[in-house]
Number of protein chains: 2
Amino acid sequence: MLKKGVERKEVLRALGEVFRAHGYEGASLTLITEATGLGKGSLYHLFPGGKEQMAAEVLADIDGWFELNIYAPLRDANDPARAIAAMIAGVDQYFHSGDRVCLVGLVALGSARDTFAETVDDYFARWQVALAQLLRRSGLSRSQAQRRAEDALLTIQGALVLARARNDAGIFRRALSDLMARLLAP
Amino acid sequence: MLKKGVERKEVLRALGEVFRAHGYEGASLTLITEATGLGKGSLYHLFPGGKEQMAAEVLADIDGWFELNIYAPLRDANDPARAIAAMIAGVDQYFHSGDRVCLVGLVALGSARDTFAETVDDYFARWQVALAQLLRRSGLSRSQAQRRAEDALLTIQGALVLARARNDAGIFRRALSDLMARLLAP
DNA sequence: CAGACACTGTACCGATCGGTACAGAGAGTC
DNA sequence: GACTCTCTGTACCGATCGGTACAGTGTCTG
């Protein structure tokens with residue numbers, strides 16, 4: 001028998017990588033069974049809702065990671081500069097310095113977008129709010145803070161796309177370092 | 001009989017929209033026949049190479065549009081400010097102010113990336129070079145110009161992703177207008 | 001009008017899709 | 001050891017996948 005909590009997390013991690021590599025529609029059950037090491041029987045026992053439930057839980061898992069490691073620290077921070085540096089470091093770590101794709105962005109672009117529209121919107125919205133509020137506390141106006149936070153999210157997404165398109169992780173590194181400077185500017 | 005050149009262009013346009021909406025793997029032949037109004041017979045007569053040839057020609061068609069409407073004007077420009085404004089306007093027009101997705105970026109993120117890696121890389125590389133050379137002519141250093149051009153491409157891609165994810169075309173508009181200012185800064 | 005040739009609709013192919021049914025394996029409880 | 005309940009491998013389902021074969025149909029050339 002499985003240690004339910006632990007094992008499920010590991011399955012979700014493997015599922016995430018499959019979805020990242022092939023997109024929602026491209027991730028066939030064959031690929032999924034290979035990546036997870038679980039047969040269809042186990043898979044549909046764990047996720048009675050099928051592929052859609054798998055993807056939903058993977059997205060929720062990702063959301064949870066960002067909530068814990070990015071959004072909450074942003075909200076709780078006293079020192080803006082430190083908090084922003086921590087966010088940049090967390091993002092760099094999560095995306096493996098540009099090697100890893102953003103599943104939320106990938107879903108947003110594909111035709112599965114409508115199915116997960118709320119989750120996708122929420123992921124970015126909460127990030128933007130948390131970052132914007134931090135920037136406000138550092139002295140920016142409400143609208144400036146919002147715009148700058150929007151710019152940050154967009155830069156990260158764009159850097160991931162371009163890094164992958166050009167197969168050059170340096171793009172991601174440079175974008176993050178520029179972004180940090182831009183966020184901290186007076 | 002068809003006016004070959006004209007008709008083929010129209011088919012490619014329809015194909016492009018299908019690929020944009022569903023991605024390369026998600027664009028089934030059923031969807032393609034519906035979008036183009038052509039049966040399988042016609043489709044495989046026009047594109048003996050199947051789906052892969054269709055996608056390749058669509059990408060080549062897009063590349064051609066950008067070469068004509070974006071890259072070449074960038075290369076031939078005397079007035080940098082005017083040229084950059086024209087580029088921004090062209091981009092805004094092409095992407096329907098953020099409603100339309102970038103197929104090249106979409107392919108880059110999906111698993112069809114390897115198949116079209118060279119085309120994808122080339123698309124961005126030529127854009128970046130054309131823009132960077134213009135920026136050099138406007139007085140920037142080589143490395144500054146390159147970085148700023150990279151930032152421009154990445155901003156456009158990121159804005160498209162975020163605009164779609166949050167279903168807010170305003171994001172794209174704002175990003176383009178900020179980008180213009182950033183490109184023209186001394 | 002005859003023949004050539006570009007084009008198209010339909011039937012069909014094997015493979016794979018997401019999903020289901022179910023018998024049984026394995027571990028925990030009494 | 002009998003029973004329960006979670007978990008899993010396998011066979012199978014109808015639908016759809018990308019692609020092929022081919023007999024047309026229409027149009028242009030001689």
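In what follows, every chain begins at residue 1, and chains take the letters A, B, ... in the order their sequences are listed.
- Between A:L29 atom CG and D:dA11 atom C1' the separation is 16 Å, expressed in whole Å.
- With A:R75 contributing its side chain and A:A130 its backbone, the two residues share no donor-acceptor pair below 3.5 Å.
- Dashed line: the shortest gap from a side-chain N or O of A:H45 to OP1 or OP2 of D:dT8 is not under 4.0 Å.
- We find that A:R8 and A:D61 are not joined by a salt bridge, their nearest charged nitrogen and carboxylate oxygen being 4.0 Å or further apart.
- Of the N and O atoms on the side chains of B:E57 and B:Q53, at least one donor lies less than 3.5 Å from an acceptor on the other residue.
- At D:dT16, none of the side-chain N or O atoms of B:T30 fall inside 4.0 Å of OP1 or OP2 (strictly under the cut-off).
- B:F124 and B:V129 fall into different hydrophobic clusters, where Ile, Leu, Val, Met, Phe, Trp and Tyr side chains are chained together by heavy-atom contacts under 4.5 Å.
- Side-chain atoms of B:K40 lie closest to C:dC12 of the nucleotides C:dC12, D:dT8, D:dA11.
- B:L43 has its CG atom 10 Å from the P atom of D:dG19, to the nearest Å.
- Put simply, NZ on A:K51 is 15 Å from P on D:dT16, counting in whole angstrom units.
- Look at NE2 on A:H22: it is 14 Å from P on C:dT16, rounded to the nearest Å.
- Residue A:F47 contributes atom CZ, which lies 15 Å from atom P of C:dT20 at whole-angstrom precision.
- In this structure, A:Y24 places its OH atom 13 Å from C1' of C:dC17, rounding to the nearest Å.
- Of the residues near DNA chain C, A:G49 and B:G39, the one whose nearest nucleotide (by heavy atom distance) lies more toward the 5' end is B:G39.
- Counting to the nearest Å, the P atom of C:dC17 and the CD atom of A:E25 are 14 Å from each other.
- In this structure, the nucleotide among D:dG19, C:dT20, D:dT8 sitting nearest to the side chain of A:Y44 is C:dT20.
- Put simply, B:S42 has no side-chain N or O that comes within less than 4.0 Å of OP1 or OP2 on C:dC7.
- Every pair tested for ring pair (Phe, Tyr, Trp, His ring centres under 6.0 Å) that includes a residue from residues 25-59 of chain B fails, sequence neighbours excluded, so the list is empty.
- In this entry the distance linking CG of A:L31 with P of C:dA15 reads 18 Å, nearest Å.
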